[in-house]
Amino acid sequence: MADAAAKTSRVGVSAMAGFCANCGKEASDSVKLKKCTACRLVAYCCVDCQRAHRKQHKKACKQHLKDEREQQRLMTSGLERPEGDTCSICFLLIRLPFKEHAKTNECCMRRVCNGCILAAGLRGMCSRCEFCRTPFTNDVAATLEKIQARVEKDDAAAITHLGNIYFNGRLGLTKDVTPGNRIVDSGCRAGID
């Protein structure tokens with residue numbers, strides 16, 4: 001009974017965690033895992049494990065595909081969303097609110113979705129920008145300097161981002177709504193909605 005509960009708890013993360021959803025074998029040089037071709041959520045070490053696990057996985061797989069299709073339909077229906085609402089790497093629409101589902105990198109001012117951030121992290125690129133490969137820095141002054149350099153080149157995204165930093169009081173700046181609104185307004189005039 002405990003073994004069955006352990007198997008069901010690892011089903012949703014087996015592909016990301018690197019072990020077989022059926023038997024629990026870890027991926028290694030000798031064991032290559034193959035993901036479910038439909039949902040890409042689970043992985044298997046061999047065809048026998050895939051067949052043995054199919055009854056358990058079939059319902060969750062179909063539900064995941066149905067949810068994904070519905071999500072994509074909802075995100076593409078209705079009003080047109082601006083080009084900036086897509087991930088700069090995978091070009092998929094980013095769910096709203098952006099703060100929860102994406103991140104804007106200060107080095108290149110590109111918005112990257114959490115899925116691409118996770119994929120880059122799994123490839124060992126945790127300390128670099130997912131888009132331009134610039135190393136991240138913890139130095140607030142250097143980050144502000146990068147943003148300011150892009151602002152001086154009239155980059156509308158950088159201007160709007162700097163205004164949002166002032167507006168929210170991030171990166172060591174005191175929260176000041178008036179200059180934040182003024183900067184965001186100038187960014188909008190420069191080309192950002």
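In this chain, residues are counted from 1 in sequence order. For the numbers below, each heavy atom of this structure counts, side chains included, while hydrogens, waters and symmetry mates do not.
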One should read off an interatomic distance between F98 CZ and C113 SG, to the nearest 0.5 angstrom, of 11.5 Å
Rounded to the nearest 0.5 angstrom, the CD-SG distance for Q63 and C39 is 12.0 Å
Is I117 reachable from I89 through a run of I, L, V, M, F, W or Y residues, each pair having side-chain heavy atoms under 4.5 Å apart?
-> yes
Let me see the working for C20 and L33 under side chain to side chain contact (heavy atoms under 4.5 Å, CB included), right down to the final yes or no.
-> CA-CA 7 Å; C20 177; L33 297 179; 4.3 Å; yes
Passing option when Y44 is tested against K35, H53, K25 for side chain to side chain contact (heavy atoms under 4.5 Å, CB included) = H53
Under the 3.5 angstrom rule, does the side chain of N114 hit a backbone N or O of E100 as a donor-acceptor pair?
-> yes
Search all heavy atoms of K146 against all heavy atoms of P135 and return the closest pair with its distance.
-> NZ-O, 3.8 Å
Do other residues, nucleotides or ligands put more than 12 heavy atoms under 6.0 Å from Q71 CD?
-> yes
Roughly how far, to the nearest 0.5 Å, is the CG atom of L65 from the SG atom of C36?
-> 7.5 Å
Side chain to side chain contact (heavy atoms under 4.5 Å, CB included) between E152 and Q148, worked out = CA-CA 6 Å; E152 288 170 8; Q148 195 62 44; 3.8 Å; yes
Is there a donor-acceptor pair under 3.5 Å between the side chain of R133 and the backbone N or O of E130?
-> yes
Check: T104 side chain, M109 main-chain N or O, donor-acceptor pair, under 3.5 Å = no
Between NE2 on residue H57 and CG on residue L41, distance to nearest 0.5 Å | 6.5 Å
Gap separating the SG atom of C87 from the NE2 atom of H101, nearest 0.5 angstrom = 13.5 Å
Name of the residue among T137, T134, I147, L162 meeting side chain to side chain contact (heavy atoms under 4.5 Å, CB included) with E106 = I147
Main-chain N/O of C107 paired to N105 side chain as donor or acceptor, under 3.5 Å | no
Between atom CG of N22 and atom CG of D48, what is the distance when rounded to the nearest 0.5 Å?
-> 9.5 Å
Are L122 and M125 grouped together when hydrophobic residues (ILVMFWY) are joined by side-chain heavy atoms under 4.5 angstrom apart?
-> no
Worked verdict on T143 versus F136 for side chain to side chain contact (heavy atoms under 4.5 Å, CB included) = CA-CA 9 Å; T143 302; F136 289 131; over 6 Å; no
Going through the checks in order, is the side chain to side chain contact (heavy atoms under 4.5 Å, CB included) test met by D85 and R111?
-> CA-CA 8 Å; D85 286 0; R111 188 176 286 153; 4.1 Å; yes
